[in-house]
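One structure below.
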Amino acid sequence: MNSVVNKKDLEDLGYLKIEISKDLDIAKEINELRNKKNAVILAHYYQDGKIQDIADFVGDSLDLSRKAANTNADIIVFSGVHFMAETAKILSPGKKVLLPDLKAGCSLAEACPVKEFKEFLKKYPDHTVISYINTTAEIKALSDIICTSSNAHEIINYLPGDEKIVFAPDKNLGNYIKSISNRDMVVWNGACHVHEEFSLEKTLELKEENPDAKLIAHPECEKPLLLIADHIGSTSSLLKYTISDNSNKYIVATEAGIIHQMKKANARKTFIPAPPKDSTCGCSECNFMKLNTMEKIYTCLKYELPEIIMDENLRIKAEKPILRMLEISEKLGL
Ligand code: 13P
Ligand code: SF4
């Protein structure tokens, strides 16, 4: 993982060894520090419910990047994963951007190493490179437009029909968009370990046991699961669907953290996490996302560490395709 560090500061402060008294009201302390330091806490839907409840804003990757670009706060605490905090820093270079746990990476971003991607792109010099936001700043810098699962289809449709496209890094999202848009797309072979873990067989069994339940799935899921889904969309799209749709039960094929907001918005509805292939895991959680805790948010705000630091040349190159995404999304009213 690059572009972050201050490791020495962390060690000097004994940051990782800080003991927090059991009597400390962490939510209250976080509130006081947030007000005193003019900080904003942005949290992704996959965060623990307690974190979502204390956050200033909870959202999907697209909305969180917009919030990060427009905030008046001096400090952004990004309770999500590294590429999200990095995107916040790219869009708000003058702000201090903190990530509660530097180890909060993303298997999808890791699935696209910069050296291999550069080589791959040499084969497609006349293609427009569209990269998913789940990438490192280096990959963004090699891209023409960034997208999220909320706007990938619309951004691709926005381009002239004969434009050749390279899509990276998620093969499931890429192939799904390719199938519904019928475009000339070359798709990089990456995937998210959480979304590929949902079991088709067990989900089919669950559907049989719950014939009244609708299956809602994130497009990072594998094709067979998407084929049997009643609704496919980004985290915010799945949430909106549970509000507008009139069913009472849903099987949710994305990281289970989103169920917190689904329950808050639909007190009488039932939400069942889609079952993973590996039953010893027993969960549908992103281990990276779940590295963030209330305690880490508190220490992160208190010591203003760990901070995202970026090389300015890289930042400028990575900012261009993100701004292009925001501009197209605005034009399209997304
Ligand atoms: P969303 O953009 O839908 O919030 O998804 C982010 C993500 O990491 C999915 O795994
Ligand atoms: Fe990355 Fe998958 Fe976790 Fe999303 S759920 S942050 S794509 S590892």
Side-chain angles (χ1 to χ4, degrees), residues 1 42-48 51-52 55 57-68 78-88 99-112 130-136 139-140 146-155 167-174 176-177 188-198 216-222 225-226 229 231-242 252-262 273-274 276 281 283-292 322 325-326 329 334:
M1 192 178 295
L42 304 182
H44 188 263
Y45 286 129
Y46 294 165
Q47 294 300 281
D48 184 78
I51 297 180
Q52 294 191 34
F57 181 76
V58 187
D60 70 357
S61 310
L62 178 62
D63 287 335
L64 288 169
S65 66
R66 284 182 181 133
K67 284 280 166 194
F78 212 116
S79 201
V81 291
H82 186 269
F83 76 81
M84 295 179 174
E86 195 174 58
T87 303
L99 178 66
D101 193 316
L102 285 184
K103 293 187 289 308
C106 167
S107 53
L108 200 40
E110 276 168 29
C112 196
I130 304 195
S131 296
Y132 195 31
I133 200 163
N134 298 40
T135 46
T136 59
I139 297 295
K140 289 185 174 80
I146 299 304
C147 70
T148 76
S149 49
S150 270
N151 58 20
H153 186 204
E154 290 81 357
I155 286 182
F167 186 90
D170 190 27
K171 64 175 178 194
N172 294 313
L173 172 64
Y176 167 64
I177 305 280
W188 178 265
N189 187 21
C192 157
H193 73 299
V194 179
H195 288 85
E196 287 225 314
E197 189 54 29
F198 295 119
I216 56 174
H218 195 280
E220 286 172 22
C221 293
E222 290 175 318
L225 209 92
L226 297 180
H231 178 71
I232 300 167
S234 64
T235 49
S236 57
S237 162
L238 299 183
L239 175 59
K240 279 184 206 142
Y241 183 76
T242 64
V252 183
T254 192
E255 214 273 359
I258 183 80
I259 294 179
H260 182 68
Q261 293 298 329
M262 290 176 174
C281 149
C283 62
S284 325
E285 295 198 331
C286 173
N287 50 317
F288 296 117
M289 283 280 183
K290 293 303 198 265
L291 282 174
N292 297 317
I322 306 176
M325 165 184 85
L326 295 176
S329 300
L334 300 169

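Note that the structure is a prediction, hence the values are computed from the model and not measured. All residue numbers refer to positions in the sequence shown, counting from 1. The analysis underlying the following values was restricted to heavy atoms, covering all of them including side chains, and did not include hydrogens, waters or symmetry mates. Whatever order the structure lists ligands and atoms in, that order sets their numbers, starting from 1.
- For the pair M289 and M84, the minimum side-chain heavy-atom distance is below 4.5 Å.
- The shortest distance between side-chain heavy atoms of T136 and E110 does not fall below 4.5 Å.
- Here C192 fails the criterion, with no N, O or S atom under 2.8 Å of atom 1 (Fe) of ligand 2.
- Of all the atoms in ligand 1, the ones that sit under 4.0 Å from a non-hydrogen atom of H195 are 10 (O).
- The shortest contact between atom 1 (Fe) of ligand 2 and any protein heavy atom is with C106 SG, 2.4 Å.
- Not a single heavy atom of E255 lies less than 4.0 angstrom from ligand 2.
- Interface atoms of ligand 1 facing S234, defined by a heavy-atom separation under 4.0 Å, are 3 (O).
- Between S150 and L334 there is no side-chain heavy-atom pair separated by less than 4.5 Å.
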Does the pair H231 and S237 meet the rule for a side-chain hydrogen bond (donor to acceptor under 3.5 Å, both in side chains), with working shown?
CA-CA 9 Å; H231 178 71; S237 162; 2.9 Å; yes
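- Counting heavy atoms from C-beta outward, Y132 and S61 have side chains that stay 4.5 Å or more apart.
- The closest approach between a heavy atom of Y46 and any atom of ligand 1 is below 4.0 Å.
- The salt bridge (charged side-chain N to carboxylate O under 4.0 Å, His left out) search around E222 returns K277, not counting sequence neighbours.
- The backbone N or O of Q52 sits nowhere less than 3.5 Å from a side-chain atom of Q47 that would complete a donor-acceptor pair.
- In this structure, atom 9 (C) of ligand 1 lies nearest to the protein heavy atom E220 OE2, 3.1 Å.
- A heavy-atom separation below 4.0 Å is not found between M289 and ligand 1.
- If you check which protein heavy atom lies closest to atom 5 (O) of ligand 1, you get H218 NE2, 3.3 Å.
- The ligand atoms of ligand 2 that sit less than 4.0 angstrom from a heavy atom of C286 are 3 (Fe), 5 (S), 8 (S).
- In terms of protein heavy-atom proximity, atom 2 (O) of ligand 1 is closest to S61 OG, 2.7 Å.
- Here's the thing with D60: none of its N/O atoms is less than 3.5 angstrom from an N/O atom of ligand 1.
- Using a 4.0 Å cut-off to heavy atoms of S149, the atoms of ligand 1 that qualify are 1 (P), 2 (O), 3 (O).
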Determine, stepwise, if the pair Y46 / T254 fulfils side-chain hydrogen bond (donor to acceptor under 3.5 Å, both in side chains).
CA-CA 9 Å; Y46 294 165; T254 192; 2.7 Å; yes
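- No option in V58, T235, D63, I51 other than T235 meets the side-chain contact (heavy atoms from CB on, under 4.5 Å) test with H44.
- At the shortest separation from atom 8 (O) of ligand 1 among protein heavy atoms lies N134 ND2, 3.2 Å.
- With ligand atoms numbered from 1 in the order given, ligand 2 contributes 8 (S) to contacts under 4.0 Å with heavy atoms of H193.
- Residue T148 has no nitrogen or oxygen atom sitting less than 3.5 Å from a nitrogen or oxygen atom of ligand 1, judged on distance alone.
- Set against the non-hydrogen atoms of T235, the atoms of ligand 1 under 4.0 Å away are 1 (P), 3 (O), 4 (O).
- Here the straight-line distance linking atom NZ of K171 with atom CD of E196 works out to 5.0 Å at 0.5 Å rounding.
- With 3.5 Å as the limit, one finds a donor-acceptor pair spanning the side chains of H193 and N287.
- Contacts between S107 and ligand 2 below 4.0 angstrom, taking non-hydrogen atoms only, involve backbone and side chain alike.
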